[in-house]
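Take a look at the structure below.
No experiment lies behind these values; they were computed from the predicted model shown. Along the sequence shown, residues are numbered consecutively beginning with 1.
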Amino acid sequence: MDALKFCIITFSAIFLFATAPAFFSFYYDFSTNIEPAFNNYLFQLDYIQSNSYVSLSSLLVFIAVPFYTLVMPFFPKKFNRVTLFKKSFLYFFYTFVFNYLVLLIPLMYLISFGYFSEEFLTKITIYWLSVPGVFVALIPTFLVMFLLVFLFDTHKVKGDKCDLIPSQIMYELVSLLKDINKYEQRNVNANTKKKLTSRIDEISFLIRSMPSFMKRNCAVEKHMDKRFTVAAKAIKSLKLCVLLPEGNSRKTLKRKVESLFNIFATGNYMDLPNSPYIPYRFEEPKKHESTIKRFITLLSFATFFISPLILWSVFISQYNPKIPMSIQSILPVLYSVWCLIGLLSFSEKLAPDAKVMVFDVFKLLLTKK
């Protein structure tokens with residue numbers, strides 16, 4: 001094993017301190033060689049000056065892409081009605097690539113209008129071209145890191161603790177049973193409630209942590225995490241027996257704790273609870289939106305539909321572009337799709353009668369010849 005570790009460390013050093021710098025040096029030389037041709041391609045001064053609407057479109061793209069990829073995903077949920085996908089590696093890769101490409105817009109304007117010296121613009125272009133080379137040069141190092149994880153599987157170390165976690169849980173369950181037998185449900189004080197709920201939280205945390213200390217493979221990993229998470233939440237809901245006791249809450253809590261002890265003593269984890277304990281059934285009060293919120297909703301609804309028409313009118317009056325007939329015929333279809341998206345987005349906020357009326361008007365417009 002010592003010889004294997006020595007080999008892995010040696011190869012890691014070679015990849016990290018030799019291969020990666022050599023590859024990046026080659027990529028930097030490649031970027032330097034193609035920079036003149038790339039700058040000539042980005043020089044679009046005549047096209048920008050002859051088509052004035054290009055500047056407006058470039059500005060909108062330069063603002064919209066960073067806003068939707070870097071700012072909007074971190075809005076609070078109550079202000080952000082857009083359902084976003086999970087912030088995973090794919091999300092961050094997508095965000096990086098799009099924002100990296102958007103930097104071509106200011107680079108094109110800097111080169112076209114010559115705001116800075118030619119030497120400075122050359123360096124900026126080379127740096128922009130070299131960014132992908134940094135990540136590509138680190139790929140061999142990442143491969144070695146994955147090899148290390150594969151050879152020294154951490155689950156093997158954690159697997160030795162697999163029997164320790166159930167023992168801890170059983171110890172906590174026995175202690176909880178002792179505390180349940182000691183307290184009186186009618187005259188229980190705040191300190192006793194706090195002690196019982198804290199022990200239930202500790203048991204829930206240990207159950208939630210069990211998948212991290214069990215030998216498993218990737219095929220069942222997510223299923224196990226979900227199963228023990230559900231069980232941990234169900235056990236955590238037993239605090240209601242202490243915080244909101246009813247006639248038989250003490251007996252219910254004791255019976256469920258004894259059942260949990262038997263599950264961990266026998267190892268029948270499929271018998272873990274899969275639904276929270278709810279002692280009372282009640283209906284949630286209906287929430288009525290305030291007049292201000294309804295007004296803001298209607299104002300947003302109207303703005304969504306009118307804004308394309310206003311922007312199009314301003315665009316036509318300012319630039320007076322020559323639009324081919326083929327594109328003009330597509331514009332009503334695009335606006336209809338825009339309206340349909342608005343109807344689907346705001347349909348939950350509209351009253352039933354208003355919703356039916358708006359959909360009928362939209363159907364009439366679509367079927368009208």
The reported gap from OG in Ser259 to CG in Asp271 (rounded to nearest 0.5 angstrom) is 7.5 Å
Could you go step by step and tell me if Lys256 and Ile235 meet the side-chain contact (heavy atoms from CB on, under 4.5 Å) rule?
CA-CA 9 Å; Lys256 290 184 177 294; Ile235 292 166; over 6 Å; no
Just verifying a value: how many Å separate Leu176 CG and Asn181 CG, rounded to the nearest 0.5 Å?
9.5 Å
I want to check something: taking the side chain as every heavy atom from C-beta on, are Ser50 and Asp46 in contact at a cut-off of under 4.5 Å?
no
Is the Phe96-Phe92 ring centre distance short of 6.0 angstrom?
no
Taking side chain to side chain contact (heavy atoms under 4.5 Å, CB included) as the criterion, tell me which of Ile124, Val102, Asn39 meets it with Leu107.
Ile124
Assigning hydrophobic clusters by single linkage (Ile, Leu, Val, Met, Phe, Trp, Tyr; side-chain heavy-atom cutoff under 4.5 Å), is Leu45 placed with Ile105?
yes
Value rounded to 0.5 Å, distance of CG in Leu206 from CD in Glu202
4.5 Å
Does atom OH of Tyr27 have more than 12 heavy-atom neighbours, drawn from other residues, nucleotides or ligands, at distances under 6.0 Å?
yes
Report the C-alpha distance between Leu253 and Ser249 in whole Å, list the side-chain angles of each, state the deciding distance to 0.1 Å, and finish with yes or no for side-chain contact (heavy atoms from CB on, under 4.5 Å).
CA-CA 6 Å; Leu253 180 60; Ser249 292; over 6 Å; no
Please examine the side chains of Pro273 and Leu260, heavy atoms only from C-beta on, and report whether any two atoms are closer than 4.5 Å.
yes
Whether over 12 other heavy atoms sit under 6.0 Å from Lys239 NZ
yes
I want to know whether Phe264 and Tyr269 have ring centres closer than 6.0 Å.
yes
Could you measure the distance from the CZ atom of Phe261 to the OG1 atom of Thr266? Nearest 0.5 Å is fine.
10.0 Å
Side-chain heavy atoms under 4.5 angstrom apart, residues restricted to Ile, Leu, Val, Met, Phe, Trp, Tyr: same cluster for Leu311 and Phe62?
no
Gln44 backbone acceptor or donor facing Ser112 side chain under 3.5 Å
yes
Quick check: do Thr125 and Ile111 have side-chain heavy atoms less than 4.5 Å from each other?
yes
To the nearest 0.5 Å, what is the distance between CG on Leu196 and CG on Asp201?
11.0 Å
Name the orientation class of the two ring planes belonging to Tyr109 and Phe113 (parallel below 30°, tilted from 30 to 60°, perpendicular beyond 60°).
parallel
Of the options Lys193, Lys254, Lys195, Lys194, which is the one that meets Asp179 in a salt bridge (Lys or Arg N to Asp or Glu O under 4.0 Å)?
Lys195
At what distance, to the nearest 0.5 angstrom, does OG1 of Thr229 lie from CZ of Arg208?
3.0 Å
Does the side chain of Asn274 come within less than 4.5 Å of Arg227's, by heavy atoms?
yes
Among the clusters formed by ILVMFWY side chains lying less than 4.5 Å apart, do Val174 and Ile180 turn up in the same one?
yes
When clusters are formed from ILVMFWY side-chain contacts under 4.5 Å, directly or step by step, what else is grouped with Ile126?
Tyr28
If Ile, Leu, Val, Met, Phe, Trp and Tyr residues are connected whenever their side-chain heavy atoms lie under 4.5 Å apart, and connections chain through other members, are Val61 and Tyr53 in the same group?
yes
Taking Leu59 as the starting point, is it possible to reach Leu70 by hopping between hydrophobic residues whose side chains are less than 4.5 Å apart?
no
Trp128 backbone acceptor or donor facing Tyr100 side chain under 3.5 Å
yes
Side-chain heavy atoms of Lys233 within contact of Ser204, under 4.5 Å
no
Polar side-chain atom of Ser275 near backbone of Ala234 as donor-acceptor pair, under 3.5 Å:
no
Donor-acceptor pair, distance only, cut-off 3.5 Å: does the side chain of Arg255 make one with the backbone of Arg250?
no
